[in-house]
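The structure appears below as structure tokens.
We name chains A, B, ... by the order of the sequence lines, and we start the count at 1 in each one.
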There are 2 protein chains.
Amino acid sequence: MKSTIPDTGVPITPSAANGSDRQEASLHGEILLRLRDYVVEGNIPDGARVPERQLCEMFGISRTPLREALKVLAAEGLIELLPNRGARVRQLSQRDLEELFDVMAGLESLAGRLACEAITDEEIAAIEQLHYEMYGHYLHRDMHGYFQANQRIHESIVAAARNETLKTAYANFAGRIRRVRYSANFARKRQRWAEAMREHEAILDALRRRAASELSDILFQHLRNKRMAAIEHLGEPQGDVSAAP
Amino acid sequence: MKSTIPDTGVPITPSAANGSDRQEASLHGEILLRLRDYVVEGNIPDGARVPERQLCEMFGISRTPLREALKVLAAEGLIELLPNRGARVRQLSQRDLEELFDVMAGLESLAGRLACEAITDEEIAAIEQLHYEMYGHYLHRDMHGYFQANQRIHESIVAAARNETLKTAYANFAGRIRRVRYSANFARKRQRWAEAMREHEAILDALRRRAASELSDILFQHLRNKRMAAIEHLGEPQGDVSAAP
DNA sequence: GGCGGCTATTTTGCATTCATTTTTTGTCCT
DNA sequence: AGGACAAAAAATGAATGCAAAATAGCCGCC
């Protein structure tokens, strides 16, 4: 039998008794969470078929709840469902990525604006803390630590917006590009890195002054620059990753 | 047999052979579209149960594709799924509405920003056209016409952003509040109306000058004001509409 | 030897069926 | 009479079964 999930050689394992012990009442709910992670983590190559049968065995369930989860993931934009031809991991074109980054930029820009209305001094202090932490990683050229601190800063801003709807939407879009971000961020140029640090200082400054529309602008530009840095280096390996001879 | 869809006395009709003749290849896809409309149009009271069985008969299908559609609608935030207790039309609290309006404001603000980068003179002219049309409705106190022209203006701005992802997200959130908007808009005060007209002129002005961040600000404020106008009058009939003695 | 058409197998889409859980109804007891 | 409990009815959640479509394998043909 020829596996339909190609090449990777990665054996299909059910996310190994998921680390985060969240639990869903319904089966389809759990499957949804697990399958989403499975896709987001990149266990299935871009554009590859997602055979129902195999996933059913992998999760040890019947096709009904799995198909329900697939429909939801399709609605979220992570996979696409071709009529009578099954589900495929959605292949994001460069254009798609640009669009996604811009929407993320818009959401963060909004988050900043809203945060200015409600953020407390303590929250700002916490973000400053993260900022210094990030600066330390920057000095030590610790990309991974830097990336994490960076992410936490942005999440803090979103949290300070006091808008669960926004937070959910943000998480959703973040999930869609996570696959790409993993690979993209490690290609960041040194120069861009320094630039990003300066931008972050401006962000913090605007936040302290609660300058809503200014912060909104800065955040948008910051994310726009991020988009450039993340996408330009992609070049053309857009088609099939495994296609390179 | 007592119908679970209460009170309204509205007989369940299958969206009367849907006017828009869009067609989906798959059954669940069509059901999704029809059911979404059915809910958005307010055929089911807030918080009421959405009985699978009844809907199946109504659409003439089995439960499988219907349940798939329900899962998607739940993911979209239109309904909520209580474990073992079926689907309910999601009841939006006042806070939910505020959040939704703010997110919409953020998206439109983003749309304006992006539109400044790519909009053509022809598109601006078309929006001006709509603006004058809307002004006419305003003068004639034609609320319905005004509302439609207004909506088309905002849609035009979103379209000019050249971002399908944004467009989709926008449509999604718009759908969630449409139920409320119908009732909310008719309560608009005269004064707010005039204010909105002025804001629209400022929008047009900024758009002509391609002043991205300025337009972004104006659009956000415009939507924020809309939010106030739409929500304040809601007062307290937030709980159960049918609860008033 | 390559290509096009035909059949067999797999896979998808939906309906149906089965097992639980919830909700309702009826009855009994206080 | 009212409330609590219990059994019946209905609804939900998931599995299985079946028809249609797609993929692949195969053979004949050019």
Test side chain to side chain contact (heavy atoms under 4.5 Å, CB included), reference A:L27, set A:T64, A:I61, A:L32, output is A:I61

- prompt: Do B:E108 and B:K226 meet the salt-bridge criterion of a basic N to acidic O distance under 4.0 Å?
  reply: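 B:E108 and B:K226: not salt-bridged.
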
Exercise. Under a 4.0 Å N-O cut-off, is there an ion pair linking A:R95 with A:E98?
Worked result: yes

How close or far is atom [atom2] of [N] from atom [atom1] of [X], stated in whole angstroms?
X: A:E80; N: C:dT12; atom1: CD; atom2: C1'; value: 17 Å
X: B:E52; N: C:dT23; atom1: CD; atom2: P; value: 14 Å
X: A:L82; N: D:dA22; atom1: CG; atom2: P; value: 11 Å
X: B:Q54; N: D:dA11; atom1: CD; atom2: P; value: 9 Å
X: B:R53; N: D:dG13; atom1: CZ; atom2: C1'; value: 16 Å
X: B:I61; N: C:dT16; atom1: CD1; atom2: C1'; value: 14 Å
X: A:R85; N: C:dT10; atom1: CZ; atom2: C1'; value: 14 Å
X: B:L81; N: D:dA14; atom1: CG; atom2: P; value: 10 Å

message: Check this one for me: any side-chain N or O of B:R88 less than 4.0 Å away from OP1 or OP2 of D:dT12?
response: no

Quick one: is C:dC14 close enough that its OP1 or OP2 comes under 4.0 Å of any side-chain N or O from B:H28?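 Yes, B:H28 has a side-chain N/O under 4.0 Å of OP1/OP2 on C:dC14.
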
Among the nucleotides C:dT12, D:dT16, C:dC14, whichever has the atom closest to the side chain of A:S62 is D:dT16

Does A:R113 qualify as a cation-pi partner of B:F220, given the criterion of NZ or CZ under 6.0 Å from the six-membered ring centre and within 45 degrees of its axis?
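Yes, a cation-pi geometry holds between A:R113 and B:F220.
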
*asked:* Can you confirm whether B:F101 sits close enough to B:M228 that some side-chain heavy atom of one is under 4.5 Å from a side-chain heavy atom of the other?
replied: no

Numerically ordered, the residues 64-73 of chain B set in heavy-atom contact under 4.0 Å with DNA chain C is B:T64, B:P65

Using a cut-off of under 3.5 Å, enumerate the N/O to N/O pairs linking the protein to nucleotides 17-21 of chain D.
none

